[in-house]
**Q** 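Provided herewith is a single structure, encoded as structure tokens, for subsequent inquiry.
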Amino acid sequence: MILNNSVDRWGAVAKSFHWLIALLILGQLALGTIAEEARLSPLKLDLFVWHKSIGVTILLLVVLRVAWRLSNPPPAAPHSIPAWETTLARIGHALLYLLMFAVPLTGWWVSDTTRIPFKAFWLMPMPDLMEANREMSDLAGDVHGALTKLLLLVVVIHIAAALRHHFFLHNKILTRMLPWGGESR
Ligand code: HEM
Ligand code: HEM
């Protein structure tokens, strides 16, 4: 198994980060919505502890992923892809990275400005950075909710782009990111 990226291939570490974080984020989008819709009950509170705990785990994984990304340049785009498309993909990926920070951080902001104490996985007390404030937590909730919708939209476009490369352009962009996939030529 090759851990590092090379000129035309994603390494095992970058692939693992991509798929683990993608699965966790898709789960989180569902869990956040279910927890939000649930009637006030002990179950709702438990769903939110899971939601917040998985959310801070994602934040930690994204920090590690970015550190790995900075020390490990990604493979180049295949020559068949025009420059404008490569630029568009770069902008899309940058937006995804930005949202992978902004979404959990704004979630933390909601949690930190409510009166409900939060221990990640019922074990680790999280630092209390801001005073509880109803107006602030409502605002934070609105921002968090709006950013999750933007994230979902960008992810849907991202998936559509990956499928287009595979089924219409017949290049290796999708297969080289799959766990069993190889180089891009
Ligand atoms: C990638 C990570 C995350 C995703 C994708 C995500 C997604 C969501 C979604 C879809 C909702 C429902 C929004 C709505 O229906 O308006 C939600 C609500 C919420 N999330 Fe997250 N979330 C993430 C991380 C976090 C984190 C790290 C925390 C706290 C530490 C958190 C705390 C909350 C809270 C408190 C709400 C309820 C907001 C309200 O009452 O208005 N989330 N989240
Ligand atoms: C929540 C879900 C997802 C997120 C947040 C996400 C995020 C990202 C990011 C940030 C990159 C750029 C990696 C880098 O340059 O370091 C990337 C690459 C990629 N993603 Fe996703 N992704 C998600 C789901 C998916 C899914 C479901 C597919 C397949 C259908 C997919 C296919 C790809 C492919 C093929 C690449 C490589 C593009 C290239 O080689 O230039 N992603 N993804």
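For ligands, and for the atoms within them, numbers begin at 1 and follow the listed sequence.
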**Q** List ligand 1 atoms under 4.0 Å from Val56, heavy atoms only on the residue side.
**A**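 What qualifies from ligand 1 is 27 (C).
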**Q** Report yes if the side chains of Ile58 and Met100 come closer than 4.5 Å at any heavy-atom pair, otherwise no.
**A** no
**Q** Answer yes or no: is there a donor N or O on one side and an acceptor on the other, between the side chain of Asn5 and the main chain of Gly11, under 3.5 Å?
**A**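 Yes: the side chain of Asn5 pairs with the backbone of Gly11.
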**Q** At a 4.0 Å threshold, what atoms of ligand 2 neighbour a non-hydrogen atom of Ile25?
**A**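 In order of numbering, the contacting atoms are 1 (C).
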**Q** Give me the nearest non-hydrogen protein atom to atom 15 (O) of ligand 2 as residue plus atom name, then the distance to 0.1 Å.
**A**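 The closest heavy atom on the protein side is Arg69 NH2, 3.0 Å.
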**Q** Count the heavy atoms belonging to other residues, nucleotides or ligands that lie under 6.0 Å from CG of Leu20, then report whether that count exceeds 12.
**A**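 Atom CG in Leu20 is packed in, count exceeds 12.
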**Q** Nearest non-hydrogen contact with atom 30 (C) of ligand 2 belongs to which option: Ile159, Asn171, Asp8?
**A** Ile159
**Q** If you define the side chain from C-beta out and look only at heavy atoms, does anything of Phe101 sit under 4.5 Å from Val63?
**A** yes
**Q** Identify which of Val155, Thr86, Leu70 has a heavy atom lying nearest to atom 4 (C) of ligand 2.
**A**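 It is Val155 that holds the nearest heavy atom.
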**Q** Considering heavy atoms of the protein only, find what lies nearest to atom 9 (C) of ligand 2 and give residue, atom and distance to 0.1 Å.
**A** Arg65 NH2, 3.5 Å
**Q** Tell me, which protein residue and heavy-atom name are nearest atom 10 (C) of ligand 1, and how many Å apart are they?
**A** Leu29 O, 3.5 Å
**Q** Return the option from Met126, Gln28, Glu37, Lys149 holding the heavy atom at the smallest distance from atom 14 (C) of ligand 1.
**A** Lys149
**Q** Give yes or no for whether the N/O distance cutoff of 3.5 Å, strictly under, is met between Trp19 and ligand 2.
**A**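 No, Trp19 has no N/O under 3.5 Å of an N/O on ligand 2.
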**Q** Of all the N, O or S atoms in His144, which has the shortest distance to atom 21 (Fe) of ligand 1?
**A**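 His144's closest N, O or S atom to atom 21 (Fe) of ligand 1 is named NE2.
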**Q** Are the side chains of Val49 and Leu45 in contact, using a 4.5 Å heavy-atom criterion?
**A**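 No, every pair of side-chain atoms sits at 4.5 Å or beyond.
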**Q** Without swapping roles, check the side chain of Ser41 against the backbone of Lys44 for a donor-acceptor pair under 3.5 Å.
**A** yes
**Q** Would you call Lys52 and Trp108 a side-chain contact if the rule is heavy atoms closer than 4.5 Å?
**A**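 SC-SC contact between Lys52 and Trp108 ruled out.
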**Q** Which option wins on minimum heavy-atom distance to atom 38 (C) of ligand 2: His93, Met177, His166?
**A**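 Among His93, Met177, His166, the closest heavy atom to atom 38 (C) of ligand 2 belongs to His93.
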**Q** So which heavy atom in the protein is nearest atom 41 (O) of ligand 2, and how far is it from that ligand atom?
**A** Arg176 NH2, 3.7 Å
**Q** Would you mind checking which non-hydrogen protein atom is closest to atom 3 (C) of ligand 2, with the distance to 0.1 Å?
**A**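 Result for atom 3 (C) of ligand 2: Ala22 CB, 3.7 Å.
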**Q** Does the side chain of Val154 come within less than 4.5 Å of Leu150's, by heavy atoms?
**A**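 In short, these two side chains touch, coming nearer than 4.5 Å.
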**Q** Looking at every heavy atom in both Leu47 and Ala35, which two are closest together, and how far apart are they?
**A**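 The pair with the smallest heavy-atom distance is CB-CB, 3.9 Å.
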**Q** Looking only at protein heavy atoms, which one is nearest to atom 7 (C) of ligand 2, and how far off is it?
**A** Leu96 CD1, 3.6 Å
**Q** Does the plane of the ring in His18 sit parallel, tilted or perpendicular to the ring in His158? Use 30° and 60° as the thresholds.
**A**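 Ring orientation of His18 relative to His158: tilted.
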**Q** Do me a favour and list the nearest non-hydrogen protein atom to atom 6 (C) of ligand 1 with residue, atom name and distance?
**A**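 Atom 6 (C) of ligand 1 sits closest to the protein heavy atom His51 CE1, 3.3 Å.
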**Q** What atoms in ligand 1 come closer than 4.0 Å to a heavy atom of Phe48?
**A**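 It comes down to these atoms of ligand 1: 19 (C), 34 (C), 36 (C), 37 (C).
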**Q** Which heavy atom of the protein is the closest neighbour of atom 37 (C) of ligand 2, given with residue, atom name and distance?
**A** Trp10 NE1, 3.8 Å
**Q** Under 3.5 Å, side chain of His166 to main-chain N/O of Lys172, donor-acceptor pair present?
**A** no
**Q** Considering Ser137, Gly145, Ser111, Gly107 one by one, which has a heavy atom nearer to atom 32 (C) of ligand 1 than any of the others?
**A** Gly107
**Q** Please report whether ligand 2 has a polar contact with Tyr97, defined as an N or O pair separated by less than 3.5 Å (distance criterion only).
**A**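 It does: an N or O of Tyr97 is found under 3.5 Å from an N or O of ligand 2.
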**Q** Take a 6.0 Å sphere around CD1 of Ile2 and say whether it holds more than 12 heavy atoms from other residues, nucleotides or ligands.
**A**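 No - once you tally the heavy atoms of other residues, nucleotides and ligands closer than 6.0 Å, there are 12 at most.
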**Q** Among all protein heavy atoms in this structure, tell me which lies nearest to atom 39 (C) of ligand 1, with the distance rounded to 0.1 Å.
**A** Glu36 OE1, 3.4 Å
**Q** For ligand 2, does His158 get within less than 4.0 Å through its side chain, its backbone, both, or neither, judged by non-hydrogen atoms?
**A**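 It is the side chain that touches ligand 2; the backbone stays farther off.
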**Q** Identify, for atom 35 (C) of ligand 2, the protein heavy atom at the shortest distance, and state residue, atom and that distance.
**A** Ile173 O, 3.3 Å
**Q** Using heavy-atom distances, let me know which of Arg90, Lys172, His18 sits nearest atom 25 (C) of ligand 2.
**A** His18
**Q** More than 12 heavy atoms of other residues, nucleotides or ligands under 6.0 Å from NZ of Lys119: is that the case?
**A** no
**Q** Compare all side-chain heavy atoms of Arg9 with those of Arg176 and state whether any distance is below 4.5 angstrom.
**A** no
**Q** Near Trp50 CH2, under 6.0 Å, is it more than 12 heavy atoms from other residues, nucleotides or ligands?
**A**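 No, the 6.0 Å shell around CH2 holds no more than 12 heavy atoms from other groups.
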**Q** Just which atoms of ligand 1 are under 4.0 Å from any heavy atom in Val110?
**A** 35 (C)
**Q** Which ligand 1 atoms are under 4.0 Å away from a heavy-atom of Trp108?
**A**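 Matching atoms, with element in brackets: 28 (C), 29 (C), 30 (C).
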**Q** In this structure, does ligand 1 have an atom that sits under 4.0 Å from one of the heavy atoms of Met100?
**A**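 It does not, in that no heavy atom of Met100 comes within the 4.0 Å cut-off of ligand 1.
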